[in-house]
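See below for the structure under consideration.
Values in this document were obtained by computation on a predicted structure and should not be read as measured data. Order of the sequence lines fixes the chain letters, A, B, ..., with proteins taken first and strands second; residue numbering starts at 1 for each chain.
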Number of protein chains: 2
Amino acid sequence: MSPIPGLNKQKLVEAAIELANQGGMEAVTMHALAKKLEVRPPSLYNHIKSLEDLRQQLASVAIIDLYNNMEKVAKGKEALEAISAISKAYIAFAHKYPGLYEATLIKSDNSILVVKETGDKMVQLFKELLAVYHLDEKETIHHIRGLRSILHGFATLEQKTGFGIPININESLEYVLHTYFNGIKKG
Amino acid sequence: MSPIPGLNKQKLVEAAIELANQGGMEAVTMHALAKKLEVRPPSLYNHIKSLEDLRQQLASVAIIDLYNNMEKVAKGKEALEAISAISKAYIAFAHKYPGLYEATLIKSDNSILVVKETGDKMVQLFKELLAVYHLDEKETIHHIRGLRSILHGFATLEQKTGFGIPININESLEYVLHTYFNGIKKG
DNA sequence: TTATTAAACTAATGGCATTAGTTTTTAGGT
DNA sequence: ACCTAAAAACTAATGCCATTAGTTTAATAA
């Protein structure tokens with residue numbers, strides 16, 4: 001009835017984030033989103049190109065958000081402590097915002113500029129923190145891959161299976177990171 | 001035209017695996033599968049309950065397949081060597097059969113008995129290999145979580161981003177595992 | 001030879017994304 | 001105050017997909 005501008009891209013993305021966190025990315029449909037925003041599905045197209053476009057927006061918001069959390073908790077801390085804090089923040093993010101975390105895993109990954117750039121910034125953040133170990137470039141890359149794998153692995157396996165065993169996940173993460181850095185030091 | 005029994009569940013699953021490995025799980029649709037098998041979509045329902053049912057079949061086949069690979073390459077090897085072999089097999093599987101690997105990540109995970117059981121067997125396999133370190137139960141669980149996370153993380157991040165950096169992934173995996181076990185030994 | 005049944009089929013339904021074309025309101029210029 | 005243009009909502013329609021209902025056909029077993 002009313003073409004009064006009530007929506008905008010931001011409101012849309014915010015509503016989509018709620019849907020994602022509640023029901024996973026598969027719950028993010030044009031129909032569900034329209035219902036939540038009390039408009040008809042075609043109205044959404046005044047603000048986004050397509051569902052795929054929306055997913056890319058979500059991915060961008062999500063990865064930037066995640067990166068900002070990581071950077072924030074790392075600030076001012078010494079390397080090992082910073083990486084520990086980053087790791088906890090990473091897992092906490094995936095736990096608190098499962099839909100957003102899922103959004104970061106979008107398939108058309110490195111074709112989305114912001115996603116790629118933010119991924120690079122994550123690598124850079126780790127690189128700076130690992131600098132205290134005076135490793136050569138190649139070794140540093142290996143370790144960054146290792147750390148990112150541990151974080152993503154923990155985040156995924158927690159969401160999927162809860163690891164099936166009732167032992168606190170942060171305790172495991174702490175232990176695993178301790179083990180890993182012990183391995184670096186005594187390389 | 002012909003109600004001659006031409007299909008069965010196995011043929012269906014095999015065709016679905018091909019679709020998945022070629023175009024990802026999103027390419028596994030009833031229509032695409034019917035086309036590949038040269039039947040009409042409703043005919044498929046004589047062999048599977050639904051698309052969700054098919055996805056669960058794929059997940060089961062995939063995780064069993066993956067586990068069998070892991071067990072096979074571990075057989076007869078000493079612990080560290082076995083875990084190295086398992087890791088390579090894991091990454092190779094995810095690389096060679098990306099659709100199958102994606103299938104293992106099904107959401108209704110621990111509600112599918114076979115998937116849960118096979119997951120438990122993986123844990124058990126690692127447990128036996130880690131026995132040589134004489135760790136207590138809790139520590140062992142931590143390390144198993146760590147190793148699984150590394151493997152899943154490597155598999156995922158390779159598929160998604162290729163890590164963005166042109167350094168051989170198996171070399172990184174080898175290095176990361178070496179670092180991790182170095183950390184265990186000198187715990 | 002006939003009856004049963006498995007497994008194919010056609011036809012139809014309903015959900016979803018998307019497009020085309022229409023209407024309504026707001027905002028800015030006269 | 002009025003008119004025009006554009007933004008943003010709407011309705012209607014299309015096409016794809018999963019799924020169900022009901023029908024047909026051919027192989028098997030009595």
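A salt bridge links B:Glu137 to B:Lys127: at least one charged side-chain nitrogen sits closer than 4.0 Å to a carboxylate oxygen. Between B:Lys107 and A:Glu26, no side-chain nitrogen of the basic residue sits less than 4.0 Å from a carboxylate oxygen of the acidic one, so the salt-bridge criterion is not met. Under a 4.0 Å N-O distance rule, the pair B:Lys11/B:Glu14 does not qualify as a salt bridge.
Without hydrogens or angle criteria, B:Glu81 side chain to B:Ile83 main chain gives no donor-acceptor distance under 3.5 Å.
For the side-chain hydrogen bond (donor to acceptor under 3.5 Å, both in side chains) test with B:Tyr101, the passing option among B:His152, B:Gln159, B:Lys96 is B:His152; the others fail.
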Distances under 3.5 Å only, N/O to N/O: pair up the protein atoms with those of nucleotides 13-15 of chain C.
none

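Separating the CD atom of A:Glu38 from the P atom of D:dA8 is a distance of 19 Å, rounded to the nearest angstrom. In this entry the distance linking NZ of B:Lys35 with C1' of C:dA8 reads 20 Å, nearest Å. One interatomic measurement links the two molecules: CG of B:Leu54 to C1' of D:dT19, which rounds to 14 Å at whole-angstrom precision. Whole-Å rounding puts the A:Arg55 CZ to C:dC16 C1' distance at 12 Å. At whole-Å resolution of the value, CG in A:Leu7 and C1' in D:dA7 are 12 Å apart.
Interface residues of residues 39-53 of chain A facing DNA chain C, ordered by number: A:Pro41, A:Pro42, A:Tyr45, A:Ser50, A:Leu51; criterion, heavy-atom separation under 4.0 Å.
No side-chain donor-acceptor contact under 3.5 Å links B:Tyr180 and B:Tyr175.
Heavy atoms from other residues, nucleotides or ligands lying under 6.0 Å from CD of B:Glu38 number 12 at most.
Applying the side chain to side chain donor-acceptor pair (under 3.5 Å) test to A:Lys121 and every residue at least two apart in sequence or in another chain returns nothing.
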